[in-house]
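Each chain gets a letter, A, B and so on, in the order the sequences are listed, and its residues count up from 1. Scope of the values below: all heavy atoms of this structure, side chains included, with no hydrogens, waters or symmetry mates.
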Protein chains: 2
Amino acid sequence: MPMVTARDVARLAKTSNAVVSYVFNNGPRNVAPATRERVLAAAAELGYRPNMLARALSAGSTRSIGLIVPDICNPFFAETARALEDAAGEIDHLLLICDAALSPVQEARHVRSLVDRQVDAVVYVSLQDDPDLSLFTESRIPVVALHPLPEGAAASTLTIDYTAAARAATRHLIEHGYREIAILNGPTDSVGARQHERGYEQALAGHAVTAHHWSSPTSRYAASQVAAEELAAHPPRAVYCVTDEQAFGVLHAAHSLGLRVPADVAVVGLDGTANSRVSIPPLTTVQQPTQALASRAIDIVRDPDARDTPVHELLDFTFVARQSCGCHEA
Amino acid sequence: MPMVTARDVARLAKTSNAVVSYVFNNGPRNVAPATRERVLAAAAELGYRPNMLARALSAGSTRSIGLIVPDICNPFFAETARALEDAAGEIDHLLLICDAALSPVQEARHVRSLVDRQVDAVVYVSLQDDPDLSLFTESRIPVVALHPLPEGAAASTLTIDYTAAARAATRHLIEHGYREIAILNGPTDSVGARQHERGYEQALAGHAVTAHHWSSPTSRYAASQVAAEELAAHPPRAVYCVTDEQAFGVLHAAHSLGLRVPADVAVVGLDGTANSRVSIPPLTTVQQPTQALASRAIDIVRDPDARDTPVHELLDFTFVARQSCGCHEA
DNA sequence: TTGTAAGCGTTATCAC
DNA sequence: GTGATAACGCTTACAA
């Protein structure tokens with residue numbers, strides 16, 4: 001298949017390649033209706049498709065947006081990727097999904113790769129609390145992080161209010177009457193982790209509740225290991241997990257120790273992945289507004305105003321009570 | 001940040017941009033060691049990074065490989081994507097992950113998009129039994145499908161032997177002594193579905209076993225719905241599911257009906273995702289050789305010989321007995 | 001061994 | 001309203 005070029009189309013339409021470009025871009029110059037028709041007809045006849053590489057090289061935009069996630073095998077990030085792909089598709093951009101595979105080294109490689117690939121913007125979920133954004137800023141690539149960033153970081157952020165979410169989840173557990181409530185937090189001391197912590201503490205304040213502080217990597221297996229150990233030692237009556245995956249791990253640990261959920265241990269998660277509906281038992285969780293997060297992220301990153309002045313936005317979450325907390329007993 | 005070009009480097013190294021190119025590509029011409037050093041030093045000083053777009057436009061290779069999966073939220077495909085990203089990274093290629101989101105329309109859009117983006121090759125897991133490969137063949141983009149294709153399709157295939165896998169799984173259930181065994185197959189009549197079916201039938205042949213034929217979309221929720229209905233009606237003693245996700249759905253359905261696994265219903269899956277270790281109960285499954293599949297897929301698609309003559313390869317699977325079938329009772 | 005220059009297929013500026 | 005033509009930054013004959 002010899003590649004059909006704009007020049008070929010121009011030849012057939014008896015005009016110049018410039019006009020072909022004008023037609024396919026609706027500008028920057030006008031073309032006479034008759035000429036436009038001839039060009040379109042010729043293009044159709046030859047099966048012409050503009051060469052995106054040449055277009056990108058010349059025009060300076062690759063019409064692509066990068067996404068870096070810590071772990072594509074975590075369905076929450078897969079769902080995020082899907083929502084972003086939709087949002088990007090609507091503005092006719094390609095989403096480049098990069099999976100850090102839980103490795104900071106891999107993550108750094110992807111940052112480099114996206115810069116090299118000249119993506120127009122980046123949606124970033126980092127493994128690090130304070131990721132190095134210099135490569136992006138040097139290349140003037142706008143970035144929006146889907147998690148809180150330290151004060152003064154050179155990127156926009158777009159998240160739910162984790163403090164409020166943790167508070168709501170913990171409060172719900174307290175209202176069930178549980179008096180020994182653990183928080184299963186993430187593996188590192190990050191801004192986000194501290195927000196969960198704070199919400200949990202705020203909910204506990206003034207209640208005669210014993211706190212338990214656990215932490216595990218954000219994976220089902222790792223959480224299961226940690227939870228199994230903790231549950232065997234000083235079993236709390238309830239656990240608030242900062243991700244659904246960790247909650248699923250707790251569910252598994254409880255099961256393997258012969259503990260019933262919620263009769264023996266109550267569990268609440270955060271993310272509201274599709275799987276939370278079909279876990280054993282169905283998981284009570286804080287639902288992230290994945291669609292809204294995605295479309296807003298694309299808006300932010302394409303907003304010329306936000307390019308230089310990072311914006312920080314909070315979106316609303318929804319608390320979903322299912323069986324694992326003790327509501328809706330089966 | 002004014003972009004640093006090869007010309008800038010050449011100027012600083014007191015040589016020509018051609019030599020800069022020779023240095024960065026190790027060819028096609030040799031460069032005197034001294035000159036090479038000067039170029040490298042100049043490049044380092046200026047922070048030169050070759051412009052991939054210009055390189056791709058000129059050289060004709062984008063150093064990228066496309067991947068189309070039916071559903072990135074299914075961890076098996078996420079794990080596949082991760083393995084492929086590793087394999088692609090080793091040859092310094094970017095993996096473009098495209099999620100069809102269970103929509104054939106979306107899938108077709110991605111095919112178009114990958115062709116437009118001029119990827120060097122494509123790894124394809126299609127929703128269709130007989131996907132339209134013409135766009136790829138016209139553009140001479142080599143394709144390897146990770147599932148069986150109808151006779152004569154213009155792409156290589158690389159899979160495990162699904163017939164043998166289904167046979168092994170079903171046979172295992174028979175050896176447990178179960179006499180009512182269902183197969184939960186995929187939603188469409190595809191080559192792959194027929195292979196599962198055949199393996200299941202082969203295992204059953206000559207045994208006094210009652211067969212049950214179920215089918216559901218490949219998602220936990222959908223499988224759970226179908227299984228709940230079937231289990232409420234004529235509960236079989238065991239179920240072989242053609243994917244782990246469907247098996248998880250059966251687990252959930254059983255739980256919500258108050259059926260114990262494996263005491264009341266035994267379940268076997270196929271894929272061997274990480275989650276199968278931590279399901280409730282841990283899932284007996286046929287483990288796909290994900291890493292091997294990925295690296296072999298990259299090899300095939302880059303093999304100049306296989307470019308024109310599709311190859312069809314079978315890789316070995318591993319049967320992993322855990323609790324859901326009745327082995328290793330907790 | 002190195003430099004010159006002609007592409008690669010667009011976009012966009014200028015004249016006309 | 002349209003047609004030459006110069007970028008965009010690189011690769012790679014071809015010359016020197």
Side-chain angles (χ1 to χ4, degrees), chain A residues 1-40 42-43 46-64 92 115-120 139-140, chain B residues 1-40 42-43 46-64 92 115-120 139-140:
Chain A
M1 271 290 138
M3 162 156 299
V4 180
T5 74
R7 187 142 241 120
D8 298 328
V9 175
R11 199 140 38 210
L12 184 58
K14 301 205 181 309
T15 179
S16 73
N17 57 336
V19 171
V20 174
S21 173
Y22 301 152
V23 169
F24 273 81
N25 298 318
N26 292 316
R29 297 262 87 82
N30 294 26
V31 269
T35 324
R36 152 179 252 94
E37 281 315 311
R38 287 210 319 279
V39 168
L40 257 19
L46 298 174
Y48 167 71
R49 311 268 324 174
N51 181 325
M52 318 239 8
L53 269 74
R55 181 196 289 243
L57 178 60
S58 180
S61 161
T62 53
R63 305 187 78 70
S64 63
D92 200 44
V115 171
D116 281 351
R117 239 92 197 174
Q118 293 168 218
V119 292
D120 297 340
S139 309
R140 301 190 49 74
Chain B
M1 271 287 139
M3 161 158 299
V4 179
T5 75
R7 187 141 242 122
D8 298 327
V9 175
R11 198 140 39 211
L12 182 60
K14 301 204 181 309
T15 178
S16 74
N17 56 338
V19 171
V20 174
S21 171
Y22 300 152
V23 168
F24 274 81
N25 298 317
N26 292 315
R29 298 263 89 80
N30 291 28
V31 180
T35 323
R36 152 178 253 96
E37 282 316 312
R38 287 208 321 280
V39 168
L40 256 19
L46 298 175
Y48 168 71
R49 311 267 326 170
N51 181 324
M52 318 242 4
L53 273 86
R55 182 198 287 243
L57 179 60
S58 178
S61 160
T62 52
R63 304 185 81 67
S64 64
D92 200 44
V115 171
D116 281 351
R117 239 91 195 174
Q118 293 168 228
V119 293
D120 298 340
S139 308
R140 300 191 50 76

Which is it for Thr5(A) and Asn51(A) under the side-chain contact (heavy atoms from CB on, under 4.5 Å) test, yes or no, and what are the steps along the way? CA-CA 8 Å; Thr5(A) 74; Asn51(A) 181 325; over 6 Å; no
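Side-chain nitrogen and oxygen atoms of Ser16(A) include at least one within less than 4.0 Å of the OP1 or OP2 phosphate oxygen of dG3(D). At dT10(C), none of the side-chain N or O atoms of Tyr22(A) fall inside 4.0 Å of OP1 or OP2 (strictly under the cut-off). Taking 4.0 angstrom as the limit, Asn25(A) places a side-chain polar atom (N or O) nearer than this to OP1 or OP2 of dT11(C).
Among the heavy atoms of the strands lying under 4.0 Å from Asn51(B) are primed sugar atoms or P, OP1, OP2 only; no base atom is included. Val20(A) comes within 4.0 angstrom of no nucleic acid atom, judged by non-hydrogen atoms across all strands. Counting any heavy atom pair closer than 4.0 Å across all strands shown, Thr5(B) reaches sugar-phosphate atoms only and no base atom. Ala18(A) comes within 4.0 angstrom of a base, heavy atoms only. In this structure, Phe24(A) reaches neither bases nor backbone, as no heavy-atom distance under 4.0 Å exists between it and the strands shown.
A residue-by-residue look at Ala54(B) and Arg36(B) shows that Arg36(B) has its nearest nucleotide of DNA chain C further toward the 5' end.
Side chains of Asn26(A) and Arg36(A): a donor-acceptor N/O pair is present below 3.5 angstrom, by distance only. A donor-acceptor pair shorter than 3.5 Å cannot be found between the side chains of Arg11(B) and Asn17(B).
If you measure from atom CZ of Arg29(A) to atom P of dC16(C), you get 16 Å, rounded to the nearest angstrom. Following rounding to the nearest Å, Leu57(B) (CG) and dG9(C) (P) show an atom-to-atom distance of 7 Å. Taking atom CZ on Arg55(A) and atom P on dG9(C), their separation rounds to 15 Å, with Å as the unit.
The side chain of Arg7(A) sits closest to dT5(D) out of dC8(C), dT11(C), dT5(D). When distances are taken from the side chain of Asn17(A) to each of dT11(C), dT1(C), dG1(D), the shortest belongs to dT11(C).
Classification of Asp116(B) and Arg49(A) as a salt-bridged pair holds, one side-chain N sitting under 4.0 Å from a carboxylate O. A salt bridge does not link Arg63(B) to Asp120(B): none of the charged side-chain nitrogens sits closer than 4.0 Å to a carboxylate oxygen.
Interface remark: the Thr15(B) side chain does not form any donor-acceptor pair with the dG3(C) base, using a distance-only criterion of under 3.5 Å.
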